[in-house]
Amino acid sequence: MKRGIWIAAALGIAATGLAGCGEQPEQAEAAPAAAEFSIADARLMLPAVAGNPGALYFEVKNDGTKNRMLRAVSVAGAGSATMHSPTMDELPQVPVPPGGSAKFAPEEQHVMAMSLADTVTAGSQAEVTLTFVGGDTFKFPAEVRAAGEER
Ligand SMILES: [Cu+2]
C-alpha cells in the first residue's frame with residue numbers, strides 16, 4: 001500500500017445485529033449524521049510465532065464536523081482486538097477530533113489483534129470495523145503483512 005494515500009468513504013450504518021433466516025429487518029432506520037472518515041496506511045502485521053497477537057496500524061481522519069470518540073476496533077478473523085498505548089496499556093477510548101486524525105503506528109498507540117484465524121494470511125485483506133461512542137461504525141480493509149515485512 002502506498003503511504004499517504006487517503007481512502008475516503010462514507011460512514012457505514014451500524015448493522016442492527018444478525019438478521020435471521022426469512023426475517024426482513026426494517027429498512028427505515030434513520031441514517032446517522034453524514035460524518036465521514038478517511039483511512040491511510042492500514043496494515044495488519046502477522047505475528048512471527050503463530051498464536052501470538054498481530055498488530056494493526058492505520059490512521060483515521062475525521063472529515064466531518066463532529067467530535068468523534070473511537071471506543072472499539074474489531075478485525076475480521078481475530079478473536080478480539082484491543083487499543084493499546086505505546087506502553088501496552090489498554091486504551092478505552094481514542095479521540096478523533098473534526099479535521100484531525102488518530103494514528104496507530106509501531107512504537108506508538110496501536111491495536112493488538114488476538115487469536116488470529118488461520119485464514120488471515122499475508123497478502124490478503126482483513127476487514128476492520130471502528131465503533132464510535134454513540135454506536136456509529138466505519139469499516140475499511142487492512143493489508144495483511146507477514147512478520148518481518150515493512151511495518
Ligand atoms: Cu499492545
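In listed order, ligands and their atoms are each counted from 1. All values derive from a computational prediction rather than experimental measurement.
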With a 4.0 Å cut-off, would you call Glu36 and Lys66 a salt bridge?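 Looking at Lys66 together with Glu36, the answer is no, because their closest N to O distance does not fall below 4.0 Å.
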
Any Lys/Arg nitrogen of Arg145 or Glu143 sitting under 4.0 Å from an Asp/Glu carboxylate oxygen of the other?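 Counted as a salt bridge, because a side-chain N and a carboxylate O are separated by less than 4.0 Å.
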
Exercise: do Thr82 and Glu90 side chains pair donor with acceptor under 3.5 Å: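 Checked: Thr82/Glu90 side chains show no N/O donor-acceptor pair below 3.5 Å.
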
Angle subtended at the Cu ion (ligand 1) by SD of Met88 and NE2 of His110, to 10 degrees?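 Answer comes to 100°, rounded to 10°.
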
Flag Met112 as yes if one of its N/O/S atoms falls below 2.8 Å of the Cu ion (ligand 1), otherwise no.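 True for Met112.
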
Distance check, rounded to the nearest 0.5 Å: His84 atom NE2 versus His110 atom NE2?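 Between atom NE2 of His84 and atom NE2 of His110 there are 5.5 Å.
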
Which atom, counting only N, O or S, brings His84 closest to the Cu ion (ligand 1)?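 Among the N, O or S atoms of His84, the one closest to the Cu ion (ligand 1) is ND1.
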
